Amino acid sequence: MTYKRREAFLPFTRPMVGQEEIAEIIDSIESGWLTTGPKAAKFEEALQAYNGIPHVLAMNSATTAQEITMQCLGIQPGDEVITTALTWVSTLSTIILQGGIPVLVDIDPVTLNLDPRGLEAAITPRTKGIIPVHLTGLPCPMDEIWAIAERHGLWVVEDAAQAMGASYRGRKIGADPRSVFSVYSFHPNKNMTTGEGGAIAFHDAAHEPRIKRLRFHGIERDAWKRFAKEGSPHFDVTEPSRKANFMDIQAAMGLHQIKKLDGFNARRGVLFRRYLELLADLPEVVLPSPGDDVHAHCFHLFVLRIRPEKAGMDRDAFVARLKDENIGTGIHYRPAHVHSFYRDFYAAHPGALPKDGLPHTEWSGERLMSLPLWPGLTEDDQDQVVAAIRQILAK
Ligand SMILES: *Cc1c(COP(=O)(O)O)cnc(C)c1O
């Protein structure tokens with residue numbers, strides 16, 4: 001077969017928003033409820049039902065959700081929280097914004113997730129908790145993490161931003177009460193979207209009033225109801241806080257996205273496994289783990305790592321060559337500790353890195369790229385991605 005360059009640029013992802021979402025958004029606009037209202041409440045119920053969790057509260061982003069979890073847990077200056085550098089920077093920044101110190105452990109190079117074998121050495125008298133990140137939608141080995149947390153009296157907060165629809169031992173991510181909070185994201189790149197949006201899942205009802213206050217001006221209890229007929233115009237502000245509430249316009253989209261999520265993820269799984277087959281014979285690349293029955297993947301990202309010594313070019317050159325062939329890729333992620341703020345931060349806090357550094361994080365961080373993967377990607381699109389990769393490597 002002769003290789004032919006794609007005519008149109010293929011992005012690495014694209015949101016899947018259909019007519020149902022559009023009609024529901026129009027319904028919100030026509031109803032007069034644009035911001036937080038009945039649809040936002042219905043969306044939270046849908047998240048609870050889907051994930052099998054008694055409490056889920058939605059807000060404007062997962063980043064805000066992470067910030068609020070750190071506030072709820074009372075992170076104080078100097079407190080340490082153990083996590084991974086191979087994540088979106090908000091996992092770290094929301095610890096630092098409370099004065100805390102993100103202590104980094106290395107990843108498992110097979111899964112790209114935090115390796116629990118590094119945890120015990122990272123624990124100090126100042127350690128408060130652990131934030132595992134289910135990177136790419138592949139669940140972390142939670143039993144090991146929960147056991148270590150329990151032994152040392154630490155809390156666990158799951159960064160499930162990429163993990164809507166993934167399961168650990170047959171339960172949706174966030175459904176196990178051994179984690180105090182789990183955070184989801186509905187950014188357009190994620191497996192389901194509300195434009196922007198995020199949520200906190202939790203099991204202890206005692207957290208509900210504080211989270212509601214922290215997402216809306218320090219006002220407790222469904223403040224939006226004061227505008228409705230049955231509401232009271234009076235409210236009390238009990239602490240200063242941000243404004244991070246979730247709009248009905250966003251919920252309108254989410255109510256349909258969550259119904260479509262299992263179908264989206266099944267299609268992502270088909271494409272993910274097909275990439276594994278189509279790329280299996282290439283020694284120049286390292287392929288991602290598809291998960292297993294215990295760690296049930298939701299196939300958020302297909303992360304390929306390139307071996308520069310075999311490919312004859314590094315990741316950035318390879319990404320540029322793919323772009324020349326009209327194939328888009330993403331980088332998830334450049335490890336947090338190599339960004340300039342964090343380079344300075346860890347230079348000032350050398351104890352927050354392992355003695356041997358983060359060799360696996362750095363090895364993968366320099367070589368990884370995300371190939372196009374979303375439910376609307378066709379087999380033809382995928383064949384073109386694979387043909388372009390083969391063409392570039394053959395030269
Ligand atoms: C997307 C993402 C976030 C942040 O989500 P937003 O909703 O964009 O704030 C946090 N952590 C991880 C791992 C993510 O992928």
Side-chain angles (χ1 to χ4, degrees), residues 12-15 40 43 47 56-71 81-97 102 104-105 107 111-114 130-140 142 145 156-166 173-174 179 181-201 211 214-215 242-247 250-251 253-254 257-258 261 265 268 288 297-303 330-337 339 342 361 364-365 368-370 373-374:
F12 97 85
T13 191
R14 195 175 269 169
F43 179 58
L47 287 166
V56 183
L57 294 173
M59 55 204 73
N60 64 351
S61 74
T63 300
T64 306
Q66 291 176 306
E67 208 178 312
I68 288 177
T69 61
M70 293 301 100
Q71 272 185 284
V81 178
I82 303 173
T83 190
T84 169
L86 201 63
T87 181
W88 179 235
V89 286
S90 65
T91 314
L92 282 76
S93 64
T94 51
I95 299 167
I96 292 177
L97 286 169
L104 302 176
V105 295
I107 57 159
T111 62
L112 300 175
N113 281 332
L114 173 158
I130 305 170
I131 306 182
V133 180
H134 307 294
L135 198 74
T136 75
L138 176 62
C140 292
M142 294 306 299
I145 294 167
V156 175
V157 171
E158 297 179 55
D159 181 339
Q162 303 189 358
M164 268 297 292
I173 297 298
S179 293
F181 298 121
S182 294
V183 168
Y184 310 113
S185 171
F186 313 119
H187 179 276
N189 286 356
K190 303 289 155 76
N191 288 25
M192 59 169 276
T193 186
T194 61
E196 294 282 358
I200 303 175
I211 296 174
L214 290 175
R215 78 174 165 181
R242 66 179 68 69
K243 183 173 194 281
N245 53 306
F246 190 74
M247 297 190 291
Q250 293 169 293
M253 202 181 291
Q257 289 276 295
I258 197 162
L261 180 63
N265 288 352
R268 285 174 174 274
H297 213 308
C298 69
F299 308 107
H300 174 56
L301 296 171
F302 188 93
V303 172
I331 293 181
H332 303 92
Y333 292 97
R334 190 176 169 220
H337 69 296
H339 287 280
Y342 292 96
T361 303
S364 288
L368 55 80
M369 76 196 81
S370 304
L373 179 65
W374 75 88

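Whatever order the structure lists them in is the order used to number ligands and atoms, beginning at 1. Positions are given from 1, in the same order as the sequence printed here. All values derive from a computational prediction rather than experimental measurement.
The aromatic rings of Phe186 and Phe246 sit perpendicular to each other, their planes meeting at more than 60°, with 30° as the lower class boundary.
Atom NE2 of His337 is separated from atom CG of Leu86 by 9.5 Å, given to the nearest 0.5 angstrom.
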Could you go through ligand 1 and note, for every N or O atom, any protein N or O atom closer than 3.5 angstrom, writing the atom names and distance to 0.1 Å, or 'none'?
from	atom 1	to	atom 2	distance (Å)
ligand 1	5 (O)	Ser185	OG	3.3
ligand 1	7 (O)	Ala62	N	2.9
ligand 1	7 (O)	Ser185	OG	2.7
ligand 1	9 (O)	Ala62	N	3.3
ligand 1	9 (O)	Thr63	N	2.8
ligand 1	9 (O)	Thr63	OG1	2.6
ligand 1	11 (N)	Asp159	OD1	3.4
ligand 1	11 (N)	Asp159	OD2	2.9
ligand 1	15 (O)	Gln162	NE2	2.8
ligand 1	15 (O)	Lys190	NZ	3.1
ligand 1	15 (O)	Tyr333	OH	3.0

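A donor-acceptor pair under 3.5 Å links the side-chain atoms of Arg242 to the main chain of Leu214, judged by distance alone. No side-chain donor-acceptor contact under 3.5 Å links Arg215 to the backbone of Asn60.
In this structure Gln250 satisfies the side-chain hydrogen bond (donor to acceptor under 3.5 Å, both in side chains) test with no other residue, sequence neighbours excluded.
For the side chain to side chain contact (heavy atoms under 4.5 Å, CB included) with His134, the qualifying choice from Ile173, Asp159, Thr111 is Ile173, the only one to do so.
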